[in-house]
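For reference, the structure is listed below as structure tokens.
Note that the coordinates shown come from a computational prediction; the quantities given were computed from them, not determined experimentally.
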Amino acid sequence: MGIISWIILGLLAGGIAKVLLPGRDPGGLIGTTLIGIAGAFIGGWLSAKFLDRPIQDEFFDLATWGSAIGGSLVLLIAYRLMFGNSRN
């Protein structure tokens, strides 16, 4: 997958992570979007490096999506812990 595909995957993974962790984030929509993109990159890298799961060339690979969403969730939780809990 190219860089554009990872950015698109990150945007979608960030949206899914936001749905799974509802509430207002300190950074708003832009912060959540950037966290989704970073989470996709980090999740993909961790999956390839430590789980011996190489990054697939296909956009619709379930393991790639799982690692991207997982990375986004971890970063979103860490972001909320560092910069304040969600303000409901």
- For I35 and L75, which heavy atoms make the closest approach, and how far apart are they?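 Residues I35 and L75, closest heavy atoms: CG2-CB, 3.6 Å.
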
- Please name the pair of heavy atoms, one in G10 and one in A40, separated by the smallest distance, quoted to 0.1 Å.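 Here G10 and A40 meet closest at CA-CB, 3.5 Å.
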
- Item | Spatial distance of atom CD1 (I16) from atom CH2 (W65) [nearest 0.5 Å] |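 Output value for this atom pair is 5.5 Å.
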
- Message: How long is the straight-line distance from OG of S72 back to CD1 of I42, given to the nearest 0.5 Å?
- Response: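 Reported value, rounded in 0.5 Å steps: 9.0 Å.
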
- Task: Examine W45 and I4 and state if one hydrophobic cluster contains both, with Ile, Leu, Val, Met, Phe, Trp and Tyr joined whenever side-chain heavy atoms are less than 4.5 Å apart.
- Result: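 Yes, one cluster joins them.
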
- Item | Hphob cluster co-occupancy, L76 + M82, side-chain heavy atoms under 4.5 angstrom |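 Cluster IDs for L76 and M82 match.
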
- How would you list, by chain and number, every residue that makes a side chain to side chain contact (heavy atoms under 4.5 Å, CB included) with L73, sequence neighbours excluded?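 Scan of L73 (side chain to side chain contact (heavy atoms under 4.5 Å, CB included), adjacent residues dropped) gives A17, L20, L21, I69.
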
- Message: Under the rule for side chain to side chain contact (heavy atoms under 4.5 Å, CB included), what residues qualify as partners of I37, not counting sequence neighbours?
- Response: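 If we apply the side chain to side chain contact (heavy atoms under 4.5 Å, CB included) test to I37, skipping adjacent residues, the hits are I7, L11, T33, F41.
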
Determine which pairs satisfy salt bridge (charged side-chain N to carboxylate O under 4.0 Å, His left out) with at least one residue from [range], sequence neighbours left out, and list them in order.
range          : result
residues 29-42 : none
residues 4-19  : K18-D25
residues 30-40 : none

